[in-house]
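When a ligand or atom number is given, it counts from 1 through the structure's own listing order.
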Amino acid sequence: MKETIYFDNASTTPLDSRVLSAMTPYLTEVYGNANSVHKVGRMAVKGLDEAREKVADLIGASFNEIYFTSCATESNNLAIRGSFLSREEGKNTLVISSIEHASVLSTASELEKQGAIVKKVKPNSSGYLSASDYQNSISSDCFLACMMYANNEIGTIQPVKEFANACNEKGVLSFSDCVQAMGVLDLSVKDLGVSMLSFTAHKFGGPKGVGVLYIKNGVKISPIVSGGHQERMKRGGTSNVAGAVGLATALELSRQNLLEETSKIKGLKDRLVSRILTEIPNAVLNGGENTLPGIANVTFKGIGGEALLYALDLSGVCASLGAACSSGTIEPSHVLKEIGLSDIDAKSSIRFSLYKQNTVEEVDRVVEVLKSSIKKVSER
Ligand SMILES: *Cc1c(COP(=O)(O)O)cnc(C)c1O
């Protein structure tokens, strides 16, 4: 079998072995329910508390502002549905961007069916949102505004701090999906000033199935999963202690050599992009200058993206057609369409997403595989 080259880290990352080691005791001997009063339960509580403390410290929050969930999709649902459920009388408008992740977009359209008014802020042709567009869209009947920190398909980094300022000035709750930026950039809630933000462990070397919603002290939202008293009544269900420990460990590890690793990842991406643009005809980079270090989205004009993706896969290269959630379907990416690409060009675009385990050799191999795959696909 050919060696696998994994350039799909925006979909998920491999579990760091140090994270697995930190989690293992909580999957084996410390099996207690964190709600139980006995010794085994108390050991689980200790693990959960330490994980919460660590996460809080790392993002500049307080212990009781960190809520563990099952994934960022759930965190996003909790932020949006939770604030809709506890909205003040007469506040029915939700402001989001048109390039949010499916977990935000589909939640917004469900709330629309329940009487919410959804306003969508559009990006410019490079994929950037502007805080002043939000300012203009936010009125006194708005219960929440959402701006993702960085786009998962094209990597564009958004002005979340200015967005939060605009929301705070208008007295409106603000929320940012920080999934793609967490573990890559040094995010701090104090610096950002948002009311809520979400992230998920599996995008930075942690396990799948555990996420966080940061909720600033004083912000009141209703739970959407009711049950026990877990997560201070915001999210019922027996705590995933091993998951929380894994998330906290992965986040801590990501911060240890953050600048070095970020510049390494960016170096790899820059090499990939510059080789693609100079060596492959009709290739266009989407997303402009200020993007995440690891994400490159390229349109290979005139080449079917799906066919190219399969050809890459046959040669052991894992990449993606924009969002993982939309691969397998033939719908062109909503993000690429929002930045003005035609359906054809959107379907000719591939996302390469790199992370710290990737190497220069892999980048060079991917360029060669791309060239031969494009040749194969065009000959059909
Ligand atoms: C992956 C992703 C999510 C969903 O995270 P899960 O933990 O897999 O539910 C949400 N938002 C963005 C931007 C993502 O990239």
Show your working on side-chain hydrogen bond (donor to acceptor under 3.5 Å, both in side chains) between Asn124 and Ser130 and close with a plain yes or no. CA-CA 8 Å; Asn124 68 13; Ser130 102; over 6 Å; no
Ion pair check, Lys356 and Glu260, cut-off under 4.0 Å: no
salt_bridge(Glu3, Arg365) N-O dist < 4.0 Å: no
So which protein heavy atom does [atom] come closest to, and at what separation?
| atom | answer |
| --- | --- |
| atom 13 (C) of ligand 1 | Asp177 OD2, 3.4 Å |
| atom 14 (C) of ligand 1 | Lys203 NZ, 3.1 Å |
| atom 8 (O) of ligand 1 | His202 NE2, 2.9 Å |

Would you mind reporting whether Leu247 and Phe199 have side-chain heavy atoms less than 4.5 Å apart? yes
For ligand 1, is any non-hydrogen atom under 4.0 Å from Gln180's backbone (N, CA, C, O), its side chain (CB onward), both, or neither? side chain
Using heavy atoms and a threshold below 4.0 Å, how should the contact between Thr73 and ligand 1 be classified: side chain, backbone, both, or neither? both
Counting both backbone and side chain atoms, is some N or O of Thr200 under 3.5 Å from an N or O of ligand 1? yes
Among Ser70, Ala72, Ser103, which one puts a heavy atom closest to atom 5 (O) of ligand 1? Ala72
Row check, Phe84 ring normal vs Arg87 NZ/CZ: under 6.0 Å, within 45°: yes
Run the side-chain hydrogen bond (donor to acceptor under 3.5 Å, both in side chains) check on Thr107 and Asn77 step by step: do they pass? CA-CA 6 Å; Thr107 303; Asn77 269 267; 3.2 Å; yes
For Cys71, atoms of ligand 1 separated by under 4.0 Å from a heavy atom: 6 (P), 7 (O), 9 (O)
